[in-house]
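Protein chains get the first letters and strands the later ones, always in sequence-line order, with residue 1 at the start of each.
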Amino acid sequence: MSHRRLHRLLLAWYGRCGRAHLPWRKTRDPYRVLVSEFMLQQTQVDRALLAFEAFVQRFPSLESLATASTADVVRMWKGLGYNARAVRLKLLARTLMERFGGAVPSDEASLRSLPGVGPYTAAAVRAFAFDLDDAAIDTNVRRVVHRWLYGLEHPPSASARTLDADARALVPKGRGHAWNSGLMDLGAAICTARAPKCSICPIRTACAAAPIDAASLDAARRRHPRRRAPQEIVPFERSTRYVRGRIVDRLRALPPGKRVSLLDLHRELEPQLGERSIGEFGIVVESLVRDGLVAKSGAGLALRD
DNA sequence: AATCCGGGGGA
DNA sequence: TCCCCAGGATT
């Protein structure tokens, strides 16, 4: 089945309104694409923008990242969250230098073998660095495709598998880069999860869901609630995530070469952490050690080298 | 299949 | 203030 009308509408809109000026869209350098995709997995474009510029300036090449210390990479990751990804990105760089001759592969199997690269990132690298006709499918893309082809996504009319197959079939031959870029921009700016702007959508005349009324979308969402884990009862400040964040932030600020004892760290962070036993604190530190973020020695704690 | 992993923006 | 956000690894 052909989707020529969809292709024409979205690609024309991307040409007019797309964010082709984003630094990771102006380049085809696979290393930069990889860095941007690692950041964009977890962060909005506006925030990733600043971090990206600083990161590629500090680590301008795969080789420079591969030879950098994990500590320096984690320091450059400040503000982005999910710090284990900084560790994986650094490990990925070393893997590429050692096993792939310093080049980013374009085949899916090789990409998927790399730390931190799953189905989405592998496809994104193929589309954005190599302009291959692959579909980088995240939840935003699934939502957009569902609306186009099946109508409102509450309740779902198609499985994730079906949507993935549809999304792949939609990629116009030879236009992988622009198509994926346009799809993401549409999902971020117009075809949003809540309050989509159908009235200004370039696809509205070819969309099964348009026009979506914000109030009825909200009502449909409430009628079909997504299954949720038992609600987190403790305040965020009591959560492990918060403690981990405070610890890593404190270790980021530690002068290179310096270390801090568990007891001193516990005492320093006490004002932010409230009453939390040293034992409980130590368990959180252990989780950071397991994640490769923190190094523990007789001299104390620091970001891992 | 379910859970963990941050930090921020917007309703 | 509360709700929501997203891919990958682990178990």
Considering only the [atom1] atoms, how many Å lie between [N] and [M], rounded to the nearest integer?
N: B:dG7; M: C:dT10; atom1: C1'; value: 22 Å
N: C:dC3; M: B:dG6; atom1: P; value: 22 Å
N: B:dG9; M: C:dG8; atom1: C1'; value: 23 Å

Is any side-chain N of the basic residue among [X] and [Y] closer than 4.0 Å to the acidic one's carboxylate O?
X: A:Asp131; Y: A:Arg28; value: no
X: A:Glu286; Y: A:Lys296; value: yes
X: A:Glu268; Y: A:Arg250; value: yes
X: A:Arg194; Y: A:Asp218; value: no

Given [options], identify the nucleotide with an atom nearest to the side chain of [X].
X: A:Thr121; options: C:dG8, C:dC4, B:dG7; result: C:dG8
X: A:Gln44; options: B:dG9, C:dA6, B:dG7; result: B:dG9
X: A:Ala193; options: C:dC5, C:dA9, C:dA6; result: C:dC5
X: A:Arg88; options: B:dG6, C:dA6, C:dA9; result: C:dA9
X: A:Arg246; options: C:dA6, C:dC4, B:dG7; result: B:dG7
X: A:Arg194; options: C:dC4, B:dG9, C:dA6; result: C:dC4
X: A:Tyr120; options: C:dG8, C:dC5, B:dG6; result: C:dG8
X: A:Arg221; options: C:dC4, C:dG8, C:dA6; result: C:dC4
X: A:Tyr82; options: C:dA9, C:dG8, B:dG6; result: B:dG6

Send over the distance from [X] [atom1] to [N] [atom2], rounded to a whole Å.
X: A:Asp164; N: C:dA6; atom1: CG; atom2: C1'; answer: 14 Å
X: A:Asp291; N: C:dT10; atom1: CG; atom2: C1'; answer: 11 Å
X: A:Ile247; N: B:dG6; atom1: CD1; atom2: P; answer: 10 Å
X: A:Met39; N: C:dC5; atom1: CE; atom2: C1'; answer: 19 Å
X: A:Met184; N: C:dC5; atom1: CE; atom2: C1'; answer: 15 Å
X: A:Phe236; N: C:dT1; atom1: CZ; atom2: P; answer: 15 Å
X: A:Glu237; N: B:dG8; atom1: CD; atom2: C1'; answer: 14 Å
X: A:Arg252; N: B:dG6; atom1: CZ; atom2: C1'; answer: 10 Å

For A:Tyr120 and A:Ala136, work out which heavy atoms get closest and say how close.
->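 Distance-wise, the nearest heavy atoms are CE1-CB, 3.7 Å.
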Of A:Leu80 and A:Ala195, whose closest DNA chain B nucleotide lies nearer the 5' terminus?
->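 Looking at DNA chain B, the more 5' nearest nucleotide goes with A:Leu80.
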To the nearest 0.5 Å, tell me how far A:Lys26 NZ sits from A:Arg32 CZ.
->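 Here the rounded value is 11.0 Å.
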Hey, which sits more toward the 5' end of DNA chain C by its nearest nucleotide, A:Val117 or A:Leu40?
->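 Its nearest nucleotide lies further toward 5', so the answer is A:Leu40.
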At under 4.0 Å, does any side-chain N or O of A:Arg47 touch on OP1 or OP2 of B:dG9?
->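 Yes.
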Could you check whether A:Asn140 gets within reach of a base, just the sugar-phosphate, or nothing at all, counting any heavy atom under 4.0 Å?
->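 If one applies the 4.0 Å heavy-atom cut-off, A:Asn140 turns out to touch the sugar-phosphate alone, with no base involved.
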Write down the partner of C:dC3 under the Watson-Crick or G-U wobble criteria, each distance required to be under 3.5 Å.
->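 Partner of C:dC3: B:dG9.
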